[in-house]
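Lettering follows sequence order; numbering is per chain, from 1. Side chains included, hydrogens not; waters and symmetry mates left out as well; all remaining heavy atoms used.
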Amino acid sequence: MKVFLMYRDRDFHSKQEPPPDQQVLSQEVERILRMHRDRDLGSKQELPSTQQALIQDLELGTLFEAMAQGDRFVYGVSREAVLIGLTDPDRIRYRQEILKDCLKNPAVVREIYSIPIQAIESKRHHWMWISCSYPSGILNSAIEMLAMFVALLKKLRGIADQHAHRFESEGFGRFFAMIQEELTDDYFALMDDHLRRLAFRSGVLISGKPGKGNEGTDYVLRRPNHQGQPWMKRVTAKRSRVYSFRLDPRDEHGARALGEFVGRGINLVANAAAQAADHIDSFFNILYMELAFYVGCMNLSEQLAQLGEPIAFSEPATAGERRHSFVGLYDVCLALTMKRQVVGNDVNADGKELFVITGANQGGKSVFLRSVGLAQLMMQCGMFVPAESFCANVCTGLFTHYKREEDSSMESGKFDEELGRMSAIVDKIAPDCMVLFNESFAATNEREGSEIARQIVTALLERRIKVLYVTHLYELAHGFHKRKTANAIFLRAERQADGTRTFKLAEGEPLQTSYGQDLYDGIFGEEN
Amino acid sequence: MTFPSVLFERPEGRPGAEAPGEPACFADLNLDQVVDAITARKDVYGLKPFFYTPLRDAETILYRHEVMWDLEDGALMACVKAFAEQMIIVRRYLALVEKLDFHYHREGWFLEAALVYCGAVSDLERDLGLAHLRSRGLSAFREYVTSYVQSQAFQSLRTEALEVKHGLSTLEYSVSVRRDTVKVRQYEGEVDYSAEVDKTFERFRQGAVKDYRLDLYKGAGMNHIEAQILDFVARLHPAQFAALDRFCAGHGEFVDDAIRSFDREIQFYVAYLDFIAGIKRKGLGFCYPQVSAARRDVYCCEAFDLALANSPLFRERPVICNDFFLEGPERVIVVSGPNQGGKTTFARMFGQLHYLAGLGCPVPGSEARLFLFDQIVTHFERVEDIRNLRGKLQDDLVRIHDILDRATPDTILILNEIFASTTLEDAVFLSKEIMAKVMDLDLLCVWVTFIDELSSLSAKTVSMVSTTVPENPAMRTFKIVRKPADGLAYALSIAEKHRLTFEQIRERIRP
């Protein structure tokens, strides 16, 4: 039985590799939980530096908090899902469809989500774990856990019976069909029968062979042939001779030896039961993890609805295409922070690979850049995007290169530090990736900065990497414009004649000034 | 038919019942470390007596070289090792039998031992038959083992063991346990319940999960409950167990003496070849030396100290190789030069090479002719004790006297910094006196000394010098080369040690 709500064909792990052998899947859940405990303790996270930059530059924390609504597990899973996006538009659509179902049936989805939570809480409250000291201990703890799981599976079947028809997505359709096909009444009866039988109230039957040194070997637990048959038939059945003995009640050593013997007999069945319990546990854990992402999306959508902000499901294009056109694209983090509607932008940049964004200070350039980055990540994890409509090609990796405050470690000069980060990005970047530059390479004089930036950007474009560059470097921006770079679009933060800003961007060639004087006037105006 | 030995072509050479002790030169030459490393984890074979018994007979040495050549064939070596592993199991099982309490348990393990033994011998016979053997030792053993396998004794042992085992292994019984009652009967085709449970829950399979099967192996042994069950099984199947009784009664000590001693003696070669294989991986070479009890014009190219090469300190660092030769009247190598330059290592190496050659082993070097000595006598400087100067010099002289008393022209003598703690004048005088006696004996000698006059006393002495990098006298090359001692390097290194070189003094005395 597979959940498969995040991928059509595999489980969602926060690390993309399958877990190594022996690693119990529930450890994955624990890992995420632990990660967030550590995070709360303020310890450094084990993310690559480029992803840390992404979180910082796009203010992803705000997004994750909004998705989590205080649930650390949802926070962790959402973060993993957002940071490890999909690059196959078909897989993105698979999640989008499931998310649409969730948005239509929030109560049902939250009810399903509560089932793995109940499993986890039961385990915690009843101190359930599979003891590992001896086979009968393993068997008994496994049976106890299985009984609890079976009850929850019945509940899940009930939900499927009642609500499956309201879901339209391929993912949920398969999920519910699986529940109904695999967890039939007959199957529940069979499981109940085994759970009763595994108590071994009428003793155990073990077959064996003389092995090396005539020591008993190949012990196999057997189901008695005549169990359940009428006693007449049992009596008349042809049986071999039987030799028997009774343990002396004072023979403690013998009792222990007999216990060990039985242990060998039930070793395998105990393993089977314990592994079954583990597998169901894993099933619930995966269900918990995969639904947590959708719960996060539902949480976010509810908050945006309260703010009156629109959401849309994007049309992802393949990585090889160059699409970027949207209406009303807004910065979701800004909206969440301001708790109100914010200005959206409309751009049609299909076929473009270079976005040069110039214009007024505090004119919304950074906000725009962030909104593009956020929308890209949200689209690629299968979520809705904060826009009225949005279409973009997927990218194989998103990187941010923002101007930083002076490096406090004094390790290197500012420009040096910038180039260092750029070099780290270049280590990881590949064709069809996307880079967001914000005021990069301005820590030197304009000519040098422009020239270095030009070389970097030109090289990236050469390698089919999409570049969005917010800059005051006139020479850089103007240079691209003058060369009539065909696949470039030039956006400018608007300023109206009276100097007030609309926070909207419009196409326009780079201008020499960035309206710093306006800012100066705004701040010093009264003194002048 | 009897087979003498893979180590000795004629029985005379074998170490007697009284195992020889460690030769006196072992500690000084670090051969104790080498032999410990070679025989590590092979205690059971008692190999050390073989390593304590060097040979003087070139023919027996060649006999051993031949066996080594054969064993350098990896396939044959693998077969021999496989045989050894099986024989270890045989011994382990037989030792177990002695300790067990229950009749059929004991007999069961005895049968296992016989089965493993028959398999080991048969495999060995087959493998040797396929091998292209050139050595007299292994060829003779092959003949022996072939006739042994065809013997009535071995054939009946094997056939009966297999029959009895087959009879037992096809039995199947079932035990039911309900509270304190245990019933044993024949197995009647009841289905595997674990598999049923497994199958029922199979659909939940998610990927790798923990393995809850406990490792319930509790060592070979049987408690009285299992013994009682086994007794019942024997009563259910009397014929098979009667056959086991007959087998055990009929085959007491089944391990053949010659097989047993082959199993031990071949380990001499296996142990040595395994040991040097590790050293060879560092890029160091070994060769089969020419050996002679007559020729004193010894030489070795690219020789190195085996103990050093095996030391953990040299796991990463390169081991420096050195050459030496003696020709014509030359007998005594006088090694001088800067300290920490490899002089002692060179002296040890000279002794090791000869000792190992005397064992019939390949020696650390690329090409060699070595002398078959009657004894190797060493005198290495002991830890200095300033409080007892006079006593020490006296001790030294007593020891040297004893050494020269025992020495014959066939002795190899290795002297390392004797008289180091006396005055230079005394040391020169005494050394010259000793050297005269050494030259009289005409024996082979390596003498490490700071008295470079010794190196040019006569045609019998050869000077070899530890060298430094020309541009940096403090940096050692660990190369010992044949050249006249000029005393300069030595003086320089002493001066350097005391920070009294020109540069150092200039540094220390500032204007």
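- B:E112 touches chain A through its side chain: at least one heavy atom from C-beta onward sits under 4.5 Å away, while N, CA, C and O do not.
- When A:G213, A:A270, A:P249, A:A142 are compared by the number of non-hydrogen pairs under 4.5 Å with chain B, A:G213 comes out ahead.
- Contact annotation for B:F241: only side-chain heavy atoms (C-beta onward) come within less than 4.5 Å of a heavy atom of chain A.
- Between A:F200 and B:Y193, the angle of the ring planes goes over 60°, which puts this pair in the perpendicular group of the 30/60° scheme.
- The contact between A:V220 and chain B is made entirely by side chain atoms (from C-beta outward), counting heavy-atom distances below 4.5 Å.
- The CG atom of A:N214 sits 13.5 Å away from atom CD1 of B:I229, with the distance rounded to the nearest 0.5 Å.
- Side chain of B:R203 to backbone of A:E182: a donor-acceptor contact under 3.5 angstrom is found.
- Listed by chain and residue number, A:R246, A:L247 satisfy the side-chain contact (heavy atoms from CB on, under 4.5 Å) test with B:D180 (two or more places apart in sequence, or in another chain).
- Taking B:V233, B:L111, B:V184, B:T170 one by one and counting their heavy-atom pairs under 4.5 Å with chain A, the maximum is reached by B:V184.
- For the 3.5 Å distance criterion, the side chains of A:K209 and B:Y187 fail to qualify, holding no donor opposite an acceptor.
- When each of B:E196, B:E107, B:R179 is checked for heavy-atom pairs under 4.5 Å with chain A, B:E196 comes out on top.
- No more than 12 heavy-atom neighbours from other residues, nucleotides or ligands sit within 6.0 angstrom of NE2 on B:H166.
- Using a 4.5 Å cut-off between heavy atoms, B:Y93 contacts chain A through its side chain alone, with no backbone atom that close.
- Among residues at least two apart or in separate chains, salt bridge (Lys or Arg N to Asp or Glu O under 4.0 Å) pairs with a member in residues 241-254 of chain B are B:E253-B:R260.
- The aromatic rings of A:F283 and B:F204 stand perpendicular to each other, their planes meeting at an angle above 60°, with 30° marking the opposite boundary.
- Although no hydrogens or angles enter the test, the distance criterion places a donor-acceptor pair under 3.5 Å between the side chain of A:Y187 and the main chain of B:T200.
- For the pair A:F261 and B:V182, the minimum side-chain heavy-atom distance is 4.5 Å or more.
- Applying the side chain to side chain donor-acceptor pair (under 3.5 Å) rule to B:D256 yields the partners B:Y144; only residues at least two apart in sequence or on another chain are considered.
- For the set A:A274, A:A276, A:A255, the count of heavy-atom pairs under 4.5 angstrom toward chain B peaks at A:A274.
- Heavy-atom pairs under 4.5 Å with chain A were tallied for B:E202, B:R205, B:Q186; the largest tally goes to B:R205.
- Other residues, nucleotides and ligands place more than 12 heavy atoms under 6.0 Å from the NZ atom of A:K154.
- The residue among A:L190, A:L268, A:I280 with the most heavy atom pairs within less than 4.5 Å of chain B is A:I280.
- Taking all atoms of both residues into account, the shortest heavy-atom contact from A:R241 to B:L236 is O-CD2, 3.6 Å.
- For B:L230, the part lying under 4.5 angstrom from a heavy atom of chain A is the side chain only.
- B:E172 has its side chain within reach of A:S207: a pair of non-hydrogen atoms, C-beta onward, lies under 4.5 Å apart.
- Of the listed residues (B:V177, B:L168, B:L171), the greatest number of heavy-atom pairs within a distance under 4.5 Å of chain A belongs to B:V177.
- For A:L146, the part sitting under 4.5 Å from any heavy atom of chain B is the side chain, from C-beta outward, and nothing else.
- Formation of a donor-acceptor pair under 3.5 Å by the A:N225 side chain with backbone atoms of B:E188 is found in this model.
- Only the side chain of B:L244 comes within contact range of chain A, with heavy atoms under 4.5 Å apart.
- Surrounding NZ of B:K183 are at most 12 heavy atoms belonging to other residues, nucleotides or ligands under 6.0 Å away.
- Interface residue A:R201: only backbone heavy atoms are found under 4.5 Å from chain B.
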### Message
As a quick check of understanding, evaluate side chain to side chain contact (heavy atoms under 4.5 Å, CB included) for B:H224 and A:D251, giving each step before the final call.
### Response
CA-CA 11 Å; B:H224 64 283; A:D251 183 2; 2.7 Å; yes
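- Between the CG atom of B:N223 and the CG atom of A:L258 there is a distance of 9.0 Å, given to the nearest 0.5 Å.
- B:E190 CD to A:I206 CD1: the interatomic distance, rounded to the nearest 0.5 Å, is 12.0 Å.
- Of all residues in residues 120-128 of chain B, none places a non-hydrogen atom less than 4.5 angstrom from a non-hydrogen atom of chain A.
- If you tally non-hydrogen atom pairs under 4.5 Å between each of B:L115, B:V191, B:D231, B:V97 and chain A, the highest count goes to B:V191.
- When A:V204, A:I266, A:L198 are compared by the number of non-hydrogen pairs under 4.5 Å with chain B, A:V204 comes out ahead.
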### Message
side chain to side chain contact (heavy atoms under 4.5 Å, CB included) for A:Y243 and B:R235? Distances and angles first, verdict last.
### Response
CA-CA 9 Å; A:Y243 295 96; B:R235 276 201 249 172; 3.7 Å; yes
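- To the nearest 0.5 Å, the span separating CG on B:L100 from CD on A:E215 amounts to 7.5 Å.
- The CD1 atom of B:I225 sits 11.0 Å away from atom CZ of A:R256, with the distance rounded to the nearest 0.5 Å.
- For chain A, no part of B:Q240 is nearby; none of its heavy atoms comes within less than 4.5 Å.
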